[in-house]
Amino acid sequence: MKSESHPHPRPGPHPHGWQQDDSALIPRERSLQIAWWIAIVAAVVFIIGAAIIKPVPYREIIGFIGDGLVVTFQVTIVSMTFALILGLIAGLGRTATNSFFNILASLYVEVIRGIPLLAQLFWIYYAMSKYIKLGPQVSAVLGLTICYGAYIGETFRGGIQSIPKGQMEAARALGLTRGQAMRYVIIPQAVRVILPPVGNEFIAMLKDSSLVSVLAISDMLRRGREYASRTFAYFETYTLVALVYLLVTLIFSRVVFYIEHGMSRQDKDKPVTLMHRLAGVVVDLVVLDFIGLIVYALIQSLALVVAELPVYTVLLSAMLVLGLIYLLFFWTRMGRTPGMMAVGLRLFGERDTHPTLGQALKRLLFLILPLPGLSLLWMQWSPTGEALHDRFTHTRVGRD
Amino acid sequence: MSTTPIVQIRNLHKRFGRVHALNDVSLDVERGEVVVIIGPSGSGKSTLLRCVNRLEVPTSGTISIDGVEIRGDEHQVNQMRAEVGMVFQQFNLFPHMTVTENIILGPMVVHKWERDRAVALAHQLLDKVGIPEKADAYPEQLSGGQQQRVAIARSLAMQPKIMLFDEPTSALDPEMIKEVLDVMLDLARDGMTMMVVSHEMGFARNAARRIVFMDQGQIIEMTTPELLYTAPQHERTKRFLSQILH
């Protein structure tokens with residue numbers, strides 16, 4: 001209980017857990033902004049300039065490591081999907097009142113955070129092979145998932161615990177069960193707190209995924225190494241590899257930046273910029289893509305059992321249905337999707353937070369319907385016409 | 001049945017580690033009665049209130065609501081909480097929901113009401129607490145007094161048999177206290193059973209049939225507000241009143 005001698009209408013942490021003293025942050029923020037622009041312009045100019053001026057190694061390298069970039073994304077997105085699920089379980093376990101689950105989750109977090117990712121990858125791929133032989137892809141995804149699940153679990157725990165205790169009490173006092181209170185009151189608030197750090201974890205994983213190159217997976221770093229060892233153009237190759245990583249990271253860090261700032265923008269008077277809207281849509285796309293990927297994995301395993309199944313028809317319709325459920329759920333409950341909720345905006349500028357079914361459908365048709373499978377289609381698309389699982393590990397040198 | 005007290009507290013003890021927050025408290029609250037509880041900070045008055053809807057689990061003793069003894073059973077506790085409204089010092093509105101969404105959450109999730117029905121009730125309750133124009137506002141856009149009135153409406157939406165108020169005006173700026181007390185007075189006149197932890201003397205005099213003075217986890221004195229304020233019997237009551245009344 002707060003001291004009674006100091007009455008204040010709104011004590012305690014900011015309701016959105018996002019209080020920032022803007023005035024204190026402006027100088028640092030501005031220099032960061034300038035640094036971001038310098039870095040991204042320099043990286044783009046160097047990559048394009050080098051490809052034009054010295055096409056012989058550079059353009060060839062770009063074509064060569066391009067494949068690897070796709071694999072890097074694939075590894076990252078698949079691992080992140082599973083890491084989010086594992087992280088949610090770990091985070092809920094760390095906040096559980098049941099001491100068994102709590103200790104179990106804490107043990108997982110403590111052990112995994114104490115072992116370097118590279119050592120974990122070696123252990124899973126080489127050491128475990130004494131008992132179970134796992135393929136390089138499975139090992140890579142498993143290693144990244146287990147490692148990042150622990151970090152993301154801590155992020156989730158922090159987010160859930162940042163919500164004032166009074167919120168749970170108020171919900172319980174209404175007669176909600178603990179689960180209902182979590183679902184309607186705690187988690188929706190925690191999501192806003194959690195999204196930016198999870199975005200940063202995504203960026204970190206994108207970089208750390210370069211470690212899986214030691215497992216003979218043709219990610220960008222591995223492809224660079226293959227090219228360099230053939231041509232001995234070490235300087236050119238690794239410079240480009242580094243710059244492409246930098247470019248990708250800079251772009252994603254900007255998305256996270258906008259998500260973060262969209263959220264402190266809770267006061268509805270301030271205008272929402274186009275960039276905020278885009279950031280919201282990007283978050284929605286990523287979430288939908290995750291859903292699509294999970295469905296994809298399920299259907300692939302199903303297709304192995306029922307070989308005659310018209311896989312892609314089933315796949316697309318299932319994804320359509322899931323996307324629909326996802327959007328209807330959020331839109332009818334909260335009037336906005338998580339991504340747009342995160343950046344605190346209403347894409348259609350409608351004040352109505354409880355759209356009718358018709359309105360919800362209209363919004364849905366406008367935006368999301370064609371999108372869930374984008375990354376899937378992109379994964380299926382292959383310049384050389386190879387199937388995904390072949391390309392995932394190919395170590396072929398050079399392009400035909 | 002209707003003659004039994006709606007709240008029966010018998011020999012209630014609550015310990016937090018070595019602290020004996022409630023020491024053998026027994027109290028009956030009749031239907032339609034308003035009981036005000038006062039006492040120095042740390043006297044156990046909030047703990048008593050929180051034990052009634054089991055936000056704190058009593059160490060020993062029994063509490064019966066409407067003739068039913070409340071044990072630990074999760075389902076029974078949730079059912080009881082739906083019938084016992086609670087208003088907190090810090091309002092505890094859900095900041096990610098509009099005022100209307102705050103109010104309809106309970107009826108929709110716990111009572112499984114249709115949205116339209118819940119929204120209609122919400123508008124009715126917002127009229128009652130005097131802020132119908134704030135239906136679509138977010139809590140952070142409201143003053144403290146308005147937030148507390150929304151919190152009252154949110155509790156009333158569950159159509160409770162009893163309302164618990166835990167220092168409802170202590171976190172408010174002075175000019176906002178009256179608007180909240182007026183809503184509470186209205187409720188009392190409508191015959192709502194209320195247990196109120198508050199040092200607002202005006203409210204106690206106008207609404208309460210009984211006033212309870214607590215100190216060190218015990219009920220020291222229980223009488224009418226008039227008698228307590230003018231002729232306190234116990235030394236501790238006198239000392240406390242002299243401190244809050246100047």
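Chain identifiers are assigned alphabetically (A, B, ...) following the order of the sequence lines, protein sequences preceding nucleic acid strands; residue numbering begins at 1 within each chain.
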Peer 1: Given B:N78 and A:R172, is the side-chain contact (heavy atoms from CB on, under 4.5 Å) satisfied, shown in steps?
Peer 2: CA-CA 8 Å; B:N78 288 330; A:R172 298 304 307 270; 3.6 Å; yes
Peer 1: Can you say whether A:Q180 sits under 4.5 Å from chain B via the side chain, the backbone, both, or neither, judging by heavy atoms?
Peer 2: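 It is the side chain, since no backbone atom gets that close.
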Peer 1: Is chain A contacted by the side chain of B:F94, its backbone, both, or neither, given a heavy-atom distance below 4.5 Å?
Peer 2: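 Its backbone and side chain both get close to chain A.
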Peer 1: Looking only at heavy atoms, what is the nearest atom pair of B:F88 and A:A170, with distance?
Peer 2: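 Of all heavy-atom pairs spanning B:F88 and A:A170, the closest is CE1-CA, 3.6 Å.
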Peer 1: Please round to the nearest 0.5 Å and tell me the distance separating atom NZ of A:K165 and atom CG of B:N92.
Peer 2: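 Here the rounded value is 10.0 Å.
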Peer 1: Which bit of B:R154 is near chain A, if near means a heavy-atom gap under 4.5 Å: side chain, backbone, both or neither?
Peer 2: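 When you check distances to chain A, atoms from both the backbone and side chain of B:R154 fall under 4.5 Å.
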Peer 1: With a 4.5 angstrom heavy-atom cut-off, which part of B:V77 approaches chain A: side chain, backbone, both or neither?
Peer 2: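 Looking at B:V77, nothing touches chain A.
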Peer 1: May I ask you to decide if A:A190's main-chain N or O and B:H96's side chain share a donor-acceptor pair within less than 3.5 Å?
Peer 2: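 No; zero donor-acceptor contacts below 3.5 Å.
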Peer 1: Tell me whether the count of non-hydrogen atoms from other residues, nucleotides or ligands lying under 6.0 Å of CZ in A:F101 goes above 12.
Peer 2: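 No, not enclosed.
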Peer 1: Measure B:V110 against the heavy atoms of chain A and call it side chain, backbone, both or neither at under 4.5 Å.
Peer 2: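 Only the side chain of B:V110 comes within 4.5 Å of chain A.
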Peer 1: Do the non-hydrogen side-chain atoms of B:P95 and A:Q167 ever get within less than 4.5 Å of each other?
Peer 2: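 Touching, per the 4.5 Å side-chain cut-off.
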Peer 1: Take a 6.0 Å sphere around CD of B:E114 and say whether it holds more than 12 heavy atoms from other residues, nucleotides or ligands.
Peer 2: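 It does not: B:E114 CD has 12 such atoms or fewer within range.
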Peer 1: Below 4.5 Å from any heavy atom of chain A, which atoms of B:Q148 appear? Answer side chain, backbone, both or neither.
Peer 2: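 No part of B:Q148 comes within 4.5 Å of chain A.
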Peer 1: Does any backbone or side-chain atom of B:L164 lie under 4.5 Å from a heavy atom of chain A? Answer side chain, backbone, both or neither.
Peer 2: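 Neither part.
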Peer 1: Quick check for you: to the nearest 0.5 Å, what is the distance between A:L176 atom CG and B:M158 atom CE?
Peer 2: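 It comes to 7.5 Å.
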Peer 1: Would you compute the distance between atom CZ of A:R178 and atom CD of B:E74 and round it to the nearest 0.5 angstrom?
Peer 2: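 Nearest 0.5 Å value for the CZ-CD distance: 10.0 Å.
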